[in-house]
Amino acid sequence: MDLFATIQQVIATTLKVPPDKITRETSEKDLAAWDSIAHVNLMMVLEQTFDLFIEVEDFVKLTSVAAIVEYLREQGRA
Amino acid sequence: MSKRKLEWDKLLGLGTRDALRQALQHSAVPTLAQIQPITERAASLEPAMEEFRLGVVHSYTSDLLDPWLSLAGALEGLDVKTYHAPYGLNLEEARAGSDLVTHAPDITLMLLRREDLHPALVRPVVGLTPGEQAALSSQLLDQLFAIINAFRTHRVGHLVVTILPQQAGPALGVYDPQSERSEAAWWSALKAEIGRRLRVAVEAALFLDLDDVMAQVGRDGFFDPRLWYSALFPFAPAAAREVSRRVVGLGAALKFPKAKVIALDVDNTLWGGIVGEDGFDGIALGHEYPGNAYLAFQRRLLDFQQRGFILVLCSKNNSADVQQVLNTHPHQVLKPEHFAAMRINWDPKTDNLVALAEELNLGLDSFIFVDDSDYECALVRRELPQVEVVQTPARPVEVPYCLDQVSRLELISLTAEDLRKTEMYAQERVRRELRKNADESGGGLNGYLASLEMVMTVGIDEPAPLKRLAQMTQKTNQFNLTTRRYDEQQMRRMIDAPNWMVAHFSLKDAFGDSGIVGLALFDLSEPAVAELDTFLMSCRVIGRKAESAFLNALLKRLAAAGVREVLADYLPTPKNGLVTNFLTDHGFAVGADGRFRRNLNATPPLPDSTYPIVIDVTRVEAPGIRIGEMV
C-alpha cells in the first residue's frame, strides 16, 4: 500500500469517516470529526502504525494530510 | 511486569471471552488500531452482550477512554453506553432531569483531581505543619463529600470516585518517607479517611484507588505528558486500559449474578503435576520453581476467601490421594477446613458441580470453575453455561494471577457475613451430618431441629445492617417471593419511611451464628392492609422452619398493630420455584387477580411455640418500631 493510501485509511478509521472523504488536500478544517480529541487519537495511531514517537511540538503541525506525508518522509517512513 | 508481545493471530482465534481476557492480561497493551478488531471479536462471542450504562463526571478529558471502555466491556460481555458530562466538575449534573440522570447510568464515574478539592493543593503539602495538614484534610474531605452527596441524592447508579495520582513524585523526593510532613503519609491517611467515610456514611459508593493502577503499570506507563499537556488527558495506553478494565469490571460485578463459590481442580491448579501419577512426593508444591508459583496461588486463594468467596474442590482423583496432600503435605496452604464442600471422585465434573450447588444450596450461576484441562473447561462451558470458567494457565508463573482480573471476584461491599462465610458453610456441613444421623436413628426432622437449639433475633427498621439488607435483595434468587432488587439508598429510604416496615432476622444455633439471613419488606401505606413487597431468605438456613417462624412473628406484630389483612405476591422467575407454594402453605389464598391474601382475623398468627425456634422477642418489641404510627 502506498503512503497516501495508508494515511487515508488510518485517518478514516480513527475519525470514523469514509476513506473517500480524505484526499491529499484534506486538512483538519475540512472535517468536523477531526477535532482536538480526535487529533490526539490520530497522533497515537500514527505512532503505532509507523512505529514512531511523535514529539508534542509536532502534534500541532500535523493537521493536514500533506503535513503528515511530509513528516513521515522526513522520519524515513516513506 | 514486562509483557510478552501480542500474539495477534492467535488472539483473534480465541473462542471465549475468558481466554481473550487471559491472553490480554499477559500481553503488551494493544494499539488503538488493534483495539477495534479485538473489541469486535469479543462482542461477537456468546453469550450476547448486556447493556452497561456509564456516566462520567470529570475535571479532565475523559472521551479518549471510550475505545478502552468498549474493549473492556466487550471482554466482559457488556455493551458500554457512555455519557460524558460537560467538561469540568459540574454540579449542574447533580439535579433531577439532568442529562446524567436521564442517561440512567448503572455507574457514575467521577474523575477528579486533588486540586479540584482544595485550592491550597496547587502548593506543596509539605510546606504545611502537621497540624495545618490535618486542617487541610478536613476541609478537603468536606468538599469531596459535598460533591459526592450532591450526586448521591440522585439516581445516578453506583458512584465510583477516583482522584488522579500525582504526576511527579513527592515534593521532598526520596527523603519524603522520613519527613514528619511526608506527602505520601498525608495522602495515605487522607485516602483511609475517604474510605472510612464512604463505608459508614454513603450508600452505593466506592473509592477506586488509581494509585493502585499506577502501582500496577508504573508511573511512566501511567502518564503520557504529551497527552496531558496538549489535551488534558492523563492516561498512557497501559493506564487507560487498566482504569477502563477496573471501571467496567465493577459494572460486571454489579450487573451479573453474584459469584459466591470458587470451585477448584487440584492437579496443575493447586499444585503442579498429577498426584495420582506423580505421587505425593512428585507434585510441584514448595519453595522452588515451579512449586512456588502454586504455593503463591494457594495463598492468593485465601485472599479471595477473605473477600467472602467460598472455596470448594472438584477433582477427578482417588479421594485418598488428595486428602493425603491436603492433610500432610508440608507446603500445602489450603487445608480441609478451608473448603466448604468437596467432590473428589471419577464422576463427570458437570455432575459434581451440580451436586456441589445442591449441597451448598447455591445456584450454579454463583460458581466460578477453575481447571487446567481443555476438556473439562469445554465440557462445563457447554453443559453448564451459567458457570463462569477460568482455565488455569499452562505456564506456572501465570497461575498465581489467574483470578486477579475476574471481575465477579471484585467486591462492591463487604459485610461481616461475607468474612465468616466459609466458617458458616462448614458448620452447615456438620448440621447435615447431624440431620443424617437423626434420620437414621428415627428422631426425624423435628428431633433434629429441636437438637439445634435455634434462637432467632428479629430486627425492625434498624439502619445498622443496611449494606447486608440491600445485598440480600441483590443476591438472593431462590428463596425470594418477588426478586425485587434494592440498592442501599432505596433500602435506607424504606427504613426511614414510617409507612414501610423493614424486618430482618439472624439465626443462632448450637453450631454457630448464621448472621443476617432473612428479610421482609412490608408496605404499610394502607391502614389495616399490609402489603408484603419482599420476603426472602438465604438458602443456607433452608429446611429449619425459620421462614415460617419469621413470617409468623411479623404477622403477630402487624395484627397487634391493627392490621387485618396481608396482601402478597409470588412473582415466578426461572430460579424461585422453591417458594411457589410458600404463601398458600402459610394461610394465604390466591384471589381472582392472582394476588395472595391472608385475613388475620380468620387466620390469626400461631403461638411462638409452634416452631422449634426461640424468638428473641425483646428485639421485636424494641422501641423504634414504627408500626404504631400507621394505625
Side-chain angles (χ1 to χ4, degrees), chain A residues 1-22 26-29 31-65 67-69 71-72 74-75 77-78, chain B residues 3 5-6 8 11 24 27-41 56 58-71 82-88 111 167 217 220-241 243-244:
Chain A
M1 210 189 288
D2 77 347
L3 183 62
F4 169 71
T6 309
I7 293 170
Q8 186 184 39
Q9 199 189 337
V10 164
I11 297 177
T13 312
T14 310
L15 306 187
K16 299 190 171 69
V17 295
D20 60 17
K21 290 265 185 200
I22 293 145
T26 303
S27 81
E28 62 171 347
K29 291 188 293 293
L31 290 171
W34 195 336
D35 61 15
S36 61
I37 294 296
H39 186 67
V40 173
N41 258 335
L42 182 61
M43 294 301 103
M44 294 297 101
V45 177
L46 284 175
E47 272 194 347
Q48 291 162 346
T49 308
F50 293 97
D51 193 19
L52 291 164
F53 181 87
I54 306 178
E55 299 294 348
V56 70
E57 290 77 4
D58 292 323
F59 282 18
V60 286
K61 298 176 191 162
L62 301 178
T63 51
S64 68
V65 173
I68 293 168
V69 169
Y71 174 84
L72 291 173
E74 279 169 19
Q75 299 293 318
R77 296 301 194 281
Chain B
K3 306 274 179 121
K5 277 182 70 174
L6 204 63
W8 185 246
L11 198 68
L24 286 168
S27 301
V29 183
T31 66
L32 284 167
Q34 289 168 331
I35 287 178
Q36 204 176 340
I38 303 174
T39 305
E40 283 166 10
R41 171 71 184 157
V56 185
H58 52 107
S59 68
Y60 52 85
T61 303
S62 60
D63 329 37
L64 288 167
L65 280 175
D66 284 348
W68 300 100
L69 289 167
S70 297
L71 171 67
T82 308
Y83 165 74
H84 297 271
Y87 182 85
L111 298 172
Q167 305 210 23
V217 303
D220 286 344
F222 191 96
F223 291 107
D224 186 329
R226 296 173 304 160
L227 304 188
W228 177 249
Y229 293 108
S230 74
L232 215 63
F233 180 69
F235 304 123
R241 165 165 90 159
V243 169
S244 301

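Naming convention: chains lettered A, B, ... in sequence-line order (proteins, then strands); numbering from 1 in each chain.
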Exercise. Under a 4.5 Å heavy-atom cut-off, does chain A meet the side chain of B:T31, its backbone, both or neither?
Worked result: both
Exercise. What part of B:Q34 gets closer than 4.5 Å to chain A, counting heavy atoms only: side chain, backbone, both or neither?
Worked result: neither
For this session: Taking the side chain as every heavy atom from C-beta outward, state whether A:V56 and B:W228 have any pair of such atoms under 4.5 Å apart.
Result: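 With C-beta onward as the side chain, the pair stays apart.
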Exercise. What distance separates A:Q48 CD from B:I35 CD1, expressed to the nearest 0.5 Å?
Worked result: 7.5 Å
For this session: Measure across A:M44 and B:L32 and return the closest heavy-atom pair with its distance rounded to 0.1 Å.
Result: CB-CD1, 3.4 Å
Exercise. Are there more than 12 heavy atoms of other residues, nucleotides or ligands under 6.0 Å from atom CG of B:D220?
Worked result: no
Exercise. Of the options A:E57, A:E55, A:E47, which is the one that meets B:R226 in a salt bridge (charged side-chain N to carboxylate O under 4.0 Å, His left out)?
Worked result: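 Among A:E57, A:E55, A:E47, the one meeting salt bridge (charged side-chain N to carboxylate O under 4.0 Å, His left out) with B:R226 is A:E47.
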Exercise. Using a cut-off of under 4.5 Å for heavy-atom pairs, which of A:V45, A:T49, A:N41 has the most such pairs with chain B?
Worked result: A:N41
Exercise. Counting heavy-atom pairs under 4.5 Å to chain A, which of B:S230, B:A33, B:P67 comes out on top?
Worked result: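 Option with the greatest count: B:S230.
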